[in-house]
Amino acid sequence: MPELPEVETTKAGIAPHIQDQSITKLLVRESKLRWPIPDELPRLAKNQTVLNVRRRAKYLLIDIGSAKTNTIKGTIIIHLGMSGSLRVLKDDIPAAIKHEHFDICFSNGVVLRYTDPRKFGACLWQDAKETENKLLDHLAPEPLSDEFNLEYLFAKSRKRQAAIKTFIMDQKFVVGVGNIYASESLFLSGINPQKAAGKVTKAKFEVLIKCIKEVLAKAIKDGGTTLKDFTGSDGKPGYFAQQLRVYGRAGEPCLTCKKPIKQITQGQRSTFYCPTCQK
DNA sequence: AGTATCTCCTGCGTGC
DNA sequence: TGCACGCAGGAGATAC
């Protein structure tokens, strides 16, 4: 399930292969993703050069335009949804199989192939002339930036009734923290995921912010978490799954106190925590 | 405004 | 073996 570390891993994996390369073709096999892939995207992307590969929240952003004048024409916005991945293919490119919804082909022979069985992902176009973007304009700070700090998050949390876990997964407050890393960060912080965000003390918030940053940074270092679907751009899985302390471990002993890890549902999503260690 | 619920989709595990 | 079912989940849309 691509959260921030998985998107960052993907970005790092694809950028060296496509940076400064010219797009020869954008081939859409299945346009019905979360939103339709715009019909005009292949035409807009053709013969444009990749000027930057960026990430914002869980969005992968590929700025394309003219290499000569270094002007950005627009940005291809890719979201991996919950089962999406991008792979770099070169030489002997295999025929596309089921769920491989589009390819971006480059002049150096590289093909960037998007796979997404559950079709929760997206591939959209943001023209440089457009000044606003509904998806990107109102995103909260990046968790690994200095902007995401104690003063900021503590102020946002005051008087909030919502559970702390729901709170840190809300893109209005911090981006990129999904279901897995929310559970993990709260375990490391010793905070009960059901506690109202507004009731969590400042001291606990300090620990939580540190834990969110640490767990994300460590996961990026390990190439992300692979449970089922996620693979890096080289087709290999990430290794952070081996570091998970509570996620997916319902009934198994807590690594700290040996009592069973509990699984509950919050906002239609499973949460894993240790009732003894997390208060 | 804040919060809770619904929704998109497919593959997989479970139980009968 | 086959089927129905429930679950997984990012986050916008919708409904209170």
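Because the structure is predicted, anything quoted here is derived from the model rather than measured. We name chains A, B, ... by the order of the sequence lines, and we start the count at 1 in each one.
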I'd like to know if A:K58 pairs up with A:E6 as an ion pair, taking the criterion as any Lys NZ or Arg NE/NH1/NH2 lying under 4.0 Å from an Asp or Glu carboxylate oxygen.
no
Looking only at side-chain N and O atoms, does A:K98 come under 4.0 Å of OP1 or OP2 in B:dG11?
yes
When rounded to whole Å, the CD1 to C1' distance for the pair A:I77 and C:dG10 reads 16 Å
Protein-nucleotide distance (A:Q161, atom CD; B:dA1, atom P), rounded to Å
18 Å
If I compare all heavy atoms of A:R87 with all of A:T115, which pair ends up nearest, and what's the gap?
NH1-OG1, 3.6 Å
If you count heavy atoms of other groups shown closer than 6.0 angstrom to NZ of A:K73, is the number above 12?
yes
The nucleotide from C:dA11, B:dC9, C:dA8 with an atom nearest the side chain of A:Q263 is C:dA8
For B:dT3, does OP1 or OP2 lie under 4.0 Å from any side-chain N or O of A:R160?
yes
Atom pair distance, as rounded to whole Å: CD in A:Q266 and C1' in C:dA11:
17 Å
Length of the line joining A:Q194:CD and B:dA4:P, which is rounded to integer Å:
13 Å
Minimal heavy-atom distance between A:I212 and A:P143, with the atoms involved, is CG2-CB, 4.2 Å
Side chain of A:Q171 only, please: which of C:dA11, B:dT3, C:dG10 is the nearest?
C:dA11
Does A:H138 place a side-chain N or O at less than 4.0 Å from the phosphate oxygens OP1/OP2 of C:dG12?
no
Residues from residues 123-135 of chain A sitting under 4.0 Å of DNA chain B, heavy atoms only?
none
How long is the line joining CD of A:E30 and P of B:dT10, in whole Å?
8 Å
Which part of the nucleic acid does A:Y59 contact within heavy-atom distance under 4.0 Å: base, sugar-phosphate only, or nothing?
sugar-phosphate
Return all side-chain donor-acceptor pairs below 3.5 angstrom for residues 267-274 of chain A, not counting sequence neighbours, or 'none' if the list is empty.
residue, atom, partner, partner atom, Å
A:T271, OG1, A:K165, NZ, 3.0
A:T271, OG1, A:Q266, OE1, 2.7
A:Y273, OH, A:Q194, NE2, 3.0

Looking at C:dG12, C:dA11, B:dT3, which one has an atom nearest to any side-chain atom of A:R269?
C:dA11
Would one find a side-chain N or O of A:H79 under 4.0 angstrom from OP1 or OP2 of C:dA11?
yes
Calculate the interatomic distance between A:D116 atom CG and C:dG10 atom P; express it in whole Å.
12 Å
Identify the heavy atoms of A:E3 and A:N179 that sit nearest to each other, and give their distance.
OE2-N, 3.3 Å
Applying a 4.0 Å non-hydrogen cut-off, can you work out what A:K32 is touching in the nucleic acid: base, sugar-phosphate, or nothing?
nothing
Once you apply a heavy-atom cut-off of 4.0 Å, does A:S270 come out as touching a base, just sugar-phosphate, or nothing?
sugar-phosphate
Euclidean distance, atom CG of residue A:L4 to atom P of C:dG10 [Å, nearest integer]
12 Å
Just how far, in rounded Å, is P of B:dC9 from CD of A:E100?
20 Å
Mind listing the closest non-hydrogen atom pair of A:C105 and A:V111 along with its distance?
SG-CG2, 4.1 Å
How far apart are the closest heavy atoms of A:L112 and A:V88, and which atoms are they?
CD1-CG2, 4.0 Å
Nearest-nucleotide 5' precedence on DNA chain B, A:F120 against A:G267
A:G267
If you assign each of A:R34 and A:Q268 to its closest nucleotide in DNA chain C, which residue comes earlier from the 5' end?
A:Q268
